[in-house]
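Sending over a structure as structure tokens; questions will come in a sec.
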Amino acid sequence: SPLSDQQVLGEVLHIARPIVHLTCLRFSGTASWKPWFVALLVDIASSRLTFTKRESATPSESAEISRRQLLLAYYLIRSPCYEMVSRDMIISFVNGFGNRIRFAKFICDSMIEYLPTWQKLYFYNWVS
């Protein structure tokens with residue numbers, strides 16, 4: 001279906017988000033919250049502008065809405081939020097799960113061991 005001007009702006013923001021993030025990262029540094037926060041705001045604005053009426057979305061548009069909503073959850077695993085906030089919460093959750101379910105401790109311990117590697121490999125470049 002044809003896009004409204006608002007939806008086109010939302011798509012332009014979605015496409016421009018990596019450039020905006022890298023520009024903020026360049027000027028603010030890797031330890032700053034500014035690039036993380038600006039990229040999050042751009043993603044939220046993009047989604048709100050692009051998908052105003054979910055109930056009238058086609059199946060492919062609904063799938064894209066769901067994909068972009070899942071990508072918003074990835075902000076919890078991206079630096080610096082991961083190092084300063086979510087890492088300890090994720091480890092506590094996985095440990096609690098492993099302690100409550102028999103035979104899950106081995107899998108949970110392996111997940112905790114590999115979590116820093118996964119975070120560096122899959123979320124360093126902010127692919128989406």
Side-chain angles (χ1 to χ4, degrees):
S1 63
L3 297 177
S4 68
D5 291 342
Q6 178 179 329
Q7 291 172 314
V8 170
L9 177 60
E11 288 298 330
V12 168
L13 285 173
H14 179 70
I15 293 166
R17 196 255 316 143
I19 296 166
V20 171
H21 173 257
L22 289 174
T23 303
C24 284
L25 198 61
R26 171 77 171 109
F27 291 108
S28 301
T30 56
S32 174
W33 280 86
K34 191 181 294 183
W36 181 90
F37 191 65
V38 168
L40 176 62
L41 289 177
V42 170
D43 265 346
I44 290 171
S46 167
S47 292
R48 295 198 68 128
L49 289 168
T50 305
F51 306 113
T52 54
K53 297 179 182 173
R54 186 173 185 159
E55 61 276 352
S56 63
T58 66
S60 62
E61 290 171 337
S62 292
E64 181 64 14
I65 292 168
S66 297
R67 186 186 77 81
R68 290 190 191 180
Q69 287 175 340
L70 177 63
L71 292 177
L72 287 175
Y74 287 174
Y75 277 88
L76 295 173
I77 306 173
R78 292 182 175 140
S79 299
C81 184
Y82 173 77
E83 286 86 6
M84 297 182 181
V85 177
S86 56
R87 175 181 44 206
D88 293 337
M89 292 179 356
I90 292 169
I91 289 172
S92 294
F93 175 78
V94 173
N95 271 333
F97 186 78
N99 291 335
R100 286 185 179 85
I101 298 177
R102 196 179 298 198
F103 305 115
K105 182 151 180 59
F106 174 75
I107 295 169
C108 291
D109 287 346
S110 296
M111 286 177 64
I112 290 170
E113 182 180 337
Y114 286 106
L115 190 60
T117 303
W118 290 334
Q119 193 273 338
K120 286 178 186 165
L121 283 175
Y122 296 113
F123 298 101
Y124 176 77
N125 290 326
W126 284 54
V127 291
S128 55

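Residue numbers count from 1 along this sequence.
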Can you name the nearest heavy-atom pair linking R78 to L71, along with the distance?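 Of all heavy-atom pairs spanning R78 and L71, the closest is NH1-O, 4.1 Å.
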Please name the pair of heavy atoms, one in S4 and one in Q7, separated by the smallest distance, quoted to 0.1 Å. N-OE1, 2.9 Å
Tell me who clusters with I65, hydrophobic residues only, linked when side chains sit under 4.5 Å apart either directly or through other members.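 Members besides I65, by chain and number: F51.
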Sorted by chain and number, sequence neighbours left out, salt bridge (Lys or Arg N to Asp or Glu O under 4.0 Å) with E11 holds for R68
Partners of S66 by side-chain contact (heavy atoms from CB on, under 4.5 Å), sequence neighbours excluded? R54
Let me check something: any side-chain donor-acceptor pairs from residues 101-115 under 3.5 Å, sequence neighbours excluded? List them with distances.
{"from": "S110", "atom 1": "OG", "to": "F106", "atom 2": "O", "distance (Å)": "3.1"}

Flag yes if V85 and I44 sit in one hydrophobic cluster, no otherwise; membership is Ile, Leu, Val, Met, Phe, Trp, Tyr, and two members link when side-chain heavy atoms are under 4.5 Å apart. yes
Do W36 and L22 sit in one hydrophobic cluster, given that two such residues count as connected whenever their side-chain heavy atoms are within less than 4.5 Å of each other, even indirectly? no
For the student: nearest non-hydrogen atoms of S28 and S32, plus distance: O-CB, 3.4 Å
All side-chain contact (heavy atoms from CB on, under 4.5 Å) counterparts of T23, not counting sequence neighbours: I19, F27
Checking the side chain of Y75 only, and the main-chain atoms of C81 only, is there a donor and an acceptor separated by less than 3.5 Å?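 Checked: no pair found.
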Can you list everything that forms a side-chain contact (heavy atoms from CB on, under 4.5 Å) with L49? Sequence neighbours excluded, please.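 So L49 forms a side-chain contact (heavy atoms from CB on, under 4.5 Å) with Q6, L9, L13.
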Checking the side chain of W33 only, and the main-chain atoms of P80 only, is there a donor and an acceptor separated by less than 3.5 Å? no
Using the ring of each side chain (for Trp, its six-membered ring), is F97 parallel, tilted or perpendicular to F93, with breaks at 30° and 60°?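 Plane angle under 30°, so parallel.
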Hey, quick one: are I15 and L41 part of the same hydrophobic cluster, counting side-chain heavy atoms closer than 4.5 Å, chains of contacts allowed? no
So does G96 get a backbone contact from the side chain of R100, meaning a donor-acceptor N/O pair under 3.5 Å?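 Yes; at least one donor-acceptor contact below 3.5 Å.
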Provide the full list of salt bridge (Lys or Arg N to Asp or Glu O under 4.0 Å) pairs with a residue in residues 19-38, sequence neighbours left out, each pair given once. none
Who passes side-chain contact (heavy atoms from CB on, under 4.5 Å) against V12, sequence neighbours left out?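 In terms of side-chain contact (heavy atoms from CB on, under 4.5 Å), with neighbours along the sequence ignored, V12 is linked to V8.
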Determine which pairs satisfy side-chain hydrogen bond (donor to acceptor under 3.5 Å, both in side chains) with at least one residue from residues 80-98, sequence neighbours left out, and list them in order. S79-E83
